[in-house]
Chemist: 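Okay, here's the structure, questions in a sec.
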Amino acid sequence: MIMKHLDRLNTQLLKEYSEGIFFINCEGDIMFSNEAAFKLTGNEHKQKSQQLTALIHKSKQQQAQDLFQCALKGEKVQFSTTIDHKMKKELHLYITLIPIVVNEQVVGVYAVCRDDSKEQERSNHISQLETHLKMEQKLANVGSWYYDVTEDKSYWSPQLYNIYGLNTNQLFTPSFKDVLQFINDCDQKRLEKAVMEALSTGDSYKIEYVLMRPSGEERTVFEQADAVADEQGNVIQLIGVVHDITESKVITNELKQKEQQFQTIYNNLDAGIWSVDVQSNKAIVCSKGVSNIYGEDAARFFGNRDLWESFIHPEDKPAVAKAQYQLEKGKTIRQQYRIYTKAGEMKWLKDRCIPTLDENGKLVRIDGIIEDITAEKKYMDQIEYLATHDYVTNLPNRRKFERELKTFIRQMKKDRGSLAVFHLGLNRFKQINDTLGHDVGDRLLQCIASRLKKFVTPRVMLARVGEDELAICFLSLAHINECQKLAAALLQEIEKEITVDDFSLYVTASIGISIYPHDGEDVKTLLTNANFAMRRAKEMGRSDWQLYSPLMDSETYKSYHLEKGLRNALLQEEFFIEYQPKVHTNSREIDSIEALIRWNHPEWGRVSPGDFIPLAEETHLIIELGDWVIERVCKQLQQWRSQGLQTVPVSINVSSKHLNIC
């Protein structure tokens, strides 16, 4: 009877397995075999009392019988054997005999049969089956009972007492009414109705209800019962099992909640989730997000697996197709590309494809996630634009100019061509900024940039590389006469009158030119040399241009070190004052004195004021020099007076910048 109920409970479990499984009673008779067992052995269990040993080759039958006896003693045994097969001459099997223990007694044996040629696969499946069987023994929590209708008494197995929270030693012979007192009020009528129908009709029933233990704890159980009738057809017994499913019910509810949560997330994700069965070349998963992104009904993707390719931007199709080959190697691919939706809208997608290979390394499934990154792409493009363009003129900035110039140089090197870099310095721009304000200065720059944009072509690049400096790169421009014509045209455009508000403004420019590869073969050298030439153009006379010459380097080197030394000269006391007297022609007496600052450089000796005064003006050090001269002259006058010498007026040269501060 117990075996019968165990058979009912485990039949579904056994049917789920792909390997051959026999249920054998203690006499060695096959009580049950699944479909996989029939396919494996080629023998269908139809007759009663058919034994597993009958299928085994005669030379192996005694060994199988001995091992079966060991299994009946509670020992799990494994052995290899040979069976006769209808379709094959013989088949090698690896058989595992697993004793079935109920209430500490062996009531039967599971025989798990696997093809011995697939050792690793057999080992994995046996391990999986053992795990399921152990979990069944541990977690099934099944109690059996039978009910004698005539005496209104029931027999409960010990496990059923445990399910109801009762001690098996208690003197308790449950009747049907006694059982009902444990049942939740809401479920009493349902159970009573099911039992009464079974008693009157002889049908079986299945029901789930909640019982209340004496401790007050609620347990959810599943009960299944069959009716037993006498020869006259009267129901005399009910036989059933009660399975405590409280924990599994909790787990099931949690799984349902998780599934609902997953479905909610799955259907509301902005991203699209998809999966494709490669062998059938059909989509097996296509979330709502995919439809939202492509603007196409998901049903069409299920019907045509290759539909997505028709949406890809023509320029991106080769790269996307090339990446697909990586999936065959089991490599995950991540790519970004453009599509045109069904409505004709262009979108940027981020696509991640994850391949699944079978045991032979063959691609069987592809799972993927796609995201619409159009907004992100626009934002990144905007960030890139802001990082590489001047916010006042919208011209490329120095960073972008250097990057593009590097690309142009590579192109010219490959084509054995040449290019010219024009460095433009705007004259008087700082003065306009300081006197009229930065707003006027910005609008002035915008007007100049707008005029110079007429020179921009795919082979010409214009950029703002400094506060009052612009740079232009001309491809395939090397001859001096070409440079001369372009420089004259640029100067002509810049020097035209510009009206900002009520101000009529005129600016000039100084242009320095360096040519690749004659004046440099890299970005830094070309820009540096063009800058040298621009500085020389300013020195030679504004509104002029100069080609770079190596001689400029030596002068620039000295100018750079003079500027650097100028900053330390005050601290190192390298400056001194020369007093130049003014003598009255008639009296031959000194009327006044002019104080002149002089610099004694430790390396170059006396430096001409014509060299260091302009540098001091440009770097604003002229103010500190003026303060130093005033202080020294005052101290000198005080010293002369203390010595009793007659003093005369002393004149000092003061920069206009010094006066602006005052």
Side-chain angles (χ1 to χ4, degrees), residues 260-276 283-302 304-356 365-407 449 456 458 461-464:
Q260 290 175 354
Q261 292 173 0
F262 172 77
Q263 288 294 335
T264 300
I265 295 172
Y266 175 81
N267 290 320
N268 290 278
L269 276 177
D270 291 334
I273 301 174
W274 56 269
S275 185
V276 169
I284 54 179
V285 172
C286 184
S287 73
K288 185 178 179 181
V290 175
S291 299
N292 293 338
I293 289 173
Y294 284 89
E296 182 61 89
D297 189 357
R300 291 205 60 202
F301 288 97
F302 282 109
N304 183 1
R305 183 252 170 176
D306 299 322
L307 178 63
W308 68 280
E309 294 179 352
S310 64
F311 291 89
I312 300 175
H313 193 289
E315 294 179 4
D316 296 340
K317 281 187 176 182
V320 174
K322 184 178 180 181
Q324 297 299 305
Y325 291 106
Q326 298 297 319
L327 296 173
E328 300 286 345
K329 302 175 183 178
K331 295 182 179 180
T332 297
I333 58 174
R334 297 172 176 84
Q335 53 189 342
Q336 295 182 6
Y337 54 86
R338 293 163 293 175
I339 67 166
Y340 284 109
T341 66
K342 186 177 181 181
E345 178 187 3
M346 194 196 80
K347 291 183 179 181
W348 273 97
L349 300 189
K350 180 167 70 174
D351 192 354
R352 181 181 181 185
C353 300
I354 307 165
T356 298
R365 194 180 75 249
I366 305 172
D367 302 313
I369 301 174
I370 57 171
E371 297 178 64
D372 181 354
I373 59 169
T374 307
E376 177 184 342
K377 199 74 174 176
K378 289 180 179 178
Y379 177 75
M380 293 305 297
D381 289 344
Q382 184 179 7
I383 295 297
E384 172 68 15
Y385 184 87
L386 292 174
T388 58
H389 285 74
D390 171 52
Y391 74 98
V392 175
T393 61
N394 285 326
L395 293 176
N397 59 17
R398 186 182 188 92
R399 177 185 177 189
K400 184 172 179 61
F401 185 81
E402 290 178 353
R403 191 166 64 191
E404 293 297 322
L405 180 57
K406 187 176 182 179
T407 302
V456 176
M461 182 179 180
L462 170 66
R464 183 185 181 189

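Note that the coordinates shown come from a computational prediction; the quantities given were computed from them, not determined experimentally.
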Chemist: Please check if the number of heavy atoms outside Y379 that lie under 6.0 Å from its OH is greater than 12.
Modeler: no

Chemist: What pair of heavy atoms forms the shortest contact from H389 to P396, and how long is it?
Modeler: CD2-N, 3.6 Å

Chemist: Identify, with sequence neighbours excluded, every residue that meets side-chain hydrogen bond (donor to acceptor under 3.5 Å, both in side chains) alongside S275.
Modeler: D367

Chemist: Working to the nearest 0.5 Å, report the span between CD1 of I366 and CD1 of I354.
Modeler: 11.0 Å

Chemist: Mind listing the closest non-hydrogen atom pair of T374 and M346 along with its distance?
Modeler: CG2-O, 4.3 Å

Chemist: Return the CD1 to CH2 distance between I373 and W348, rounded to the nearest 0.5 Å.
Modeler: 7.0 Å

Chemist: Only pairs under 3.5 Å count here: list side-chain donor-acceptor contacts from residues 397-405, not counting sequence neighbours, and write none if there are none.
Modeler:
unit_1: N397; atom_1: OD1; unit_2: R399; atom_2: N; d: 3.3
unit_1: N397; atom_1: OD1; unit_2: K400; atom_2: N; d: 3.0
unit_1: N397; atom_1: ND2; unit_2: A387; atom_2: O; d: 2.9
unit_1: R398; atom_1: NE; unit_2: E402; atom_2: OE2; d: 3.1
unit_1: R403; atom_1: NH2; unit_2: E384; atom_2: OE2; d: 2.9

Chemist: Just to verify, what does Y337 make a ring-ring contact (aromatic ring centres under 6.0 Å, His included) with, not counting sequence neighbours?
Modeler: none

Chemist: Flag the pair I284 / R365 as yes when at least one side-chain heavy-atom distance between them is below 4.5 Å, and no otherwise.
Modeler: yes

Chemist: Looking at every heavy atom in both P314 and Y340, which two are closest together, and how far apart are they?
Modeler: CD-CE1, 4.3 Å

Chemist: Taking only residues two or more places apart in sequence, or in another chain, which ones meet E376 in a salt bridge (Lys or Arg N to Asp or Glu O under 4.0 Å)?
Modeler: none

Chemist: Closest heavy-atom contact between F301 and C286?
Modeler: CB-SG, 3.9 Å

Chemist: Please name the residue in the list F311, W308, W274 that meets the ring-ring contact (aromatic ring centres under 6.0 Å, His included) test with Y294.
Modeler: F311

Chemist: If I take atom CG from residue L395 and atom OG1 from residue T388, how far apart are they, to the nearest 0.5 angstrom?
Modeler: 11.5 Å

Chemist: Using only atom types and a distance under 3.5 Å, with no angle test, would you say the side chain of K347 pairs donor to acceptor with the backbone of I293?
Modeler: yes

Chemist: Using a 3.5 Å cut-off and no angle test, enumerate the donor-acceptor pairs between side-chain atoms of residues 316-334 and protein atoms at least two apart in sequence or in another chain.
Modeler:
unit_1: D316; atom_1: OD1; unit_2: R338; atom_2: NH2; d: 3.0
unit_1: D316; atom_1: OD2; unit_2: R338; atom_2: N; d: 2.8
unit_1: D316; atom_1: OD2; unit_2: R338; atom_2: NE; d: 3.0

Chemist: Looking only at non-hydrogen atoms, find the nearest pair between S287 and A271 and report the distance.
Modeler: OG-O, 4.2 Å

Chemist: Can you sort out the partners of K342 under salt bridge (Lys or Arg N to Asp or Glu O under 4.0 Å), two or more places apart, ordered by chain and number?
Modeler: E296

Chemist: Nearest 0.5 Å, please: how far is CD1 in I370 from CD1 in I339?
Modeler: 7.0 Å

